[in-house]
Amino acid sequence: MSTRSVICKETLNKTYVGIYCHSDGYPQWVGKTLLDHYSDRDRVEKLLHLGDLSCLEEKIEPDTDRIHNFDNPQGDVCVAYHRDRGEELRQARPIKLDKAREVYWAEFMYVYMLDGTWYFADLCSDNPILIPLTRNYTEYEDEDE
């Protein structure tokens, strides 16, 4: 079973435009990867340009000297449905906080704000709200401790 998420950017008119990400959507993976590797607008734009993702990784583009596709991904490269599986391109599109769970079955929503900070929402909560994404949310918590 996958932890689905949506990865968005804030627009000038205060709406969100983004893509779907199928795997590892929890803050300890997608959240941490966004904070560590997608901290500037240019990288976020390039990521969203890929369209919907199977999984988010630190690199956007694969090494051209090695095979990279859906069945044989390079471990540190995003896997995009269009580029790597040959599916129809699903470009970044408007996504509403109050509809992301219903439309995408997403459990988390991440938004790169106009001020260059990441926010996220736990869409499984009763009243999801966007809060700043910080290292505290991306650290692994062992439930047995």
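The structure displayed is predicted, hence computed values, not measured ones.
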Tell me, please, which residues at least two apart from Thr15 pass side chain to side chain donor-acceptor pair (under 3.5 Å).
-> Thr11, Asn13
Residues at least two apart in sequence or cross-chain that pass salt bridge (Lys or Arg N to Asp or Glu O under 4.0 Å) with Arg90, listed by chain then number, are Asp52
In this structure, CD1 of Ile19 is separated from NE2 of His49 (nearest 0.5 Å) by 11.5 Å
Cluster membership besides Tyr81, Ile/Leu/Val/Met/Phe/Trp/Tyr side chains within less than 4.5 angstrom, sorted by chain and number, is Val6, Tyr16, Tyr20, Phe70, Val79, Ile95, Leu97, Val103, Tyr104, Met109, Val111, Met113, Tyr119, Leu123, Leu130
Would you please name every residue forming a salt bridge (Lys or Arg N to Asp or Glu O under 4.0 Å) with Glu88, sequence neighbours left out?
-> none
Would you be so kind as to tabulate the donor-acceptor pairs closer than 3.5 Å made by side chains of residues 55-63, with sequence neighbours excluded?
residue : atom : partner : partner atom : Å
Lys59   : NZ   : Asp76   : OD2          : 3.0
Asp63   : OD1  : Asp65   : N            : 2.9

Residue pairs passing the salt bridge (Lys or Arg N to Asp or Glu O under 4.0 Å) test where at least one lies in residues 24-35, sequence neighbours excluded | Lys32-Asp36
Check ring pair (Phe, Tyr, Trp, His ring centres under 6.0 Å) between Trp118 and all other residues, then give those that pass, not counting sequence neighbours.
-> Tyr112
Please identify each residue that fulfils side chain to side chain donor-acceptor pair (under 3.5 Å) with Arg85, with sequence neighbours left out.
-> Glu87
Any pair counted as salt bridge (Lys or Arg N to Asp or Glu O under 4.0 Å), so long as it reaches residues 109-126, sequence neighbours left out | none
In the hydrophobic clustering that connects Ile, Leu, Val, Met, Phe, Trp and Tyr at side-chain heavy-atom distances below 4.5 Å, which members other than Leu114 occupy its cluster, ordered by chain and number?
-> Leu12
Asp42: side chain to side chain contact (heavy atoms under 4.5 Å, CB included) partners, not counting sequence neighbours = Asp40, Lys46
